[in-house]
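Just so you know, these numbers use all the heavy atoms, side chains as well, and skip hydrogens, waters and symmetry mates. Naming: A, B, ... by sequence-line order, numbering from 1 per chain. Since this is a predicted model, take the numbers as computed values, not measurements.
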There are 2 protein chains.
Amino acid sequence: MATMTGTQWLDDEEQRAWRAFVRMQGRLTARLNRQLQTDSGLSLADYEVLVQLTDTADGRLRPFELQRCLHWEQSRLSHHLTRMQRRGLIGREECTEDGRGAFIVLTDAGRDAITAAAPGHVDTVRSLFLDGLTRDQIAALRQVSEQVLGRLDATADTDD
Amino acid sequence: MATMTGTQWLDDEEQRAWRAFVRMQGRLTARLNRQLQTDSGLSLADYEVLVQLTDTADGRLRPFELQRCLHWEQSRLSHHLTRMQRRGLIGREECTEDGRGAFIVLTDAGRDAITAAAPGHVDTVRSLFLDGLTRDQIAALRQVSEQVLGRLDATADTDD
DNA sequence: TCGGTGTAGATGATGTGTCATCTACGCATC
DNA sequence: GATGCGTAGATGACACATCATCTACACCGA
């Protein structure tokens, strides 16, 4: 990523946009995290794992499937699942089709936890984020996000 | 934040926009972090601290000033500065005007580190983010970010 | 059936973020 | 000048993220 020809620095508008975005993003996720943590004892990461499991018909997923849809590092996922299992939010079951793997299953406690957490979380997303934006702004944001996601996919080496 | 009257769930467009934004944001910062780390041995957090110090005339700031402009938790800042000092990126000097405080000063090593890191970082911000967007999209993003920042400020209790 | 390569997943070390708590100084008021 | 409150900052414990590495099984071709 080194520039032989000299880096093109950000102009004023780019600078302002980029810095506003970075700060907004960081503070927003910090707030969402705090709300979830204090009101439900879940982290944003826990929440996302539970959402994926809830969206699956039988509440069972292979870790590598979770990895693909969350785009997490494998090791992060593994550690996180260990912690979630220790807290009783998920369980592990043997996978008979593939001796290497396992199934991650949503426990009753896990289902209860996300059911309890969801309303407050969605309310917070609305009040801190969506409620301040027009439909057009929301549509524009989606387009920007998807374009950037496309670039991230296009330039992904191995990971991510 | 609990809803007595029932939560208004996200409609399809809101859902798509929000999820795209969250995923984009997480993956983007992960990539930026990795680029900085592998190419310069700095984290994004290190980089931001160093930027603030570099933008100051004498390269000296009180911790609480850093806290105000970074919007970090006090404890996070304190721990981070300790680690950065251990690595020689910053130093601490006594503050004669206020016996409680200290000055954080940019060391030569710190200045070298950010000077070396900046071009690659800016290139990455461009290639993963700005280059994929039109001027209009960048302007729209800035407006959205600033509006949300306003909401975050308006609803901040103590912290953040 | 043996060896090689690829894939699923776990683990230990280390850096990072948050919470609760603690110390010490500044400052006002009695 | 003692009391009390507010602010500046550090610290220990713990959850989280990343990297390097390791095990075990799958699968394929000789």
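Mapping A:T96 and A:H80 onto DNA chain D via the closest heavy atom, the residue that lands nearer the 5' end is A:H80. With DNA chain D read from its 5' end, the first of the two nearest nucleotides for B:E65 and A:R76 is the one closest to B:E65.
In this view, B:E93 and B:R60, B:F103, B:V105 satisfy the side chain to side chain contact (heavy atoms under 4.5 Å, CB included) rule, not counting sequence neighbours. For B:T38, the side chain to side chain contact (heavy atoms under 4.5 Å, CB included) partners are B:R34, not counting sequence neighbours. Scanning for side chain to side chain donor-acceptor pair (under 3.5 Å) contacts around A:S43 gives A:D46, with sequence neighbours left out.
Here side chain to side chain donor-acceptor pair (under 3.5 Å) pairs that include residues 14-26 of chain A, with residues two or more places apart or in two chains, are A:E14-B:R126.
Side chain to side chain, A:E65 and A:Q52 fail the donor-acceptor criterion of an N or O pair below 3.5 Å. A donor and an acceptor atom, one from each side chain of B:N33 and B:Q37, are nowhere located under 3.5 Å apart.
Using a 4.0 Å heavy-atom cutoff across all strands shown, B:D98 reaches sugar-phosphate atoms only and no base atom.
Proximity of A:R92 to the phosphate of C:dA10: a side-chain N or O atom is located under 4.0 Å from OP1 or OP2.
Taking the six-membered ring where the residue is Trp, A:Y47 and A:H121 present tilted rings, their angle falling between 30° and 60°.
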Between protein and nucleotides 3-6 of chain C, what N or O pairs are separated by less than 3.5 Å?
unit_1, atom_1, unit_2, atom_2, d
C:dG6, N2, A:R100, NH1, 3.2

Might you list the N or O atoms of the protein lying below 3.5 Å from N or O atoms in nucleotides 11-15 of chain D, with each pair's distance?
unit_1, atom_1, unit_2, atom_2, d
D:dT11, O4, B:S75, OG, 3.4
D:dG12, O6, B:H79, NE2, 2.6

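The environment of CG in B:D58 is crowded: more than 12 heavy-atom neighbours from other residues, nucleotides or ligands sit within 6.0 Å.
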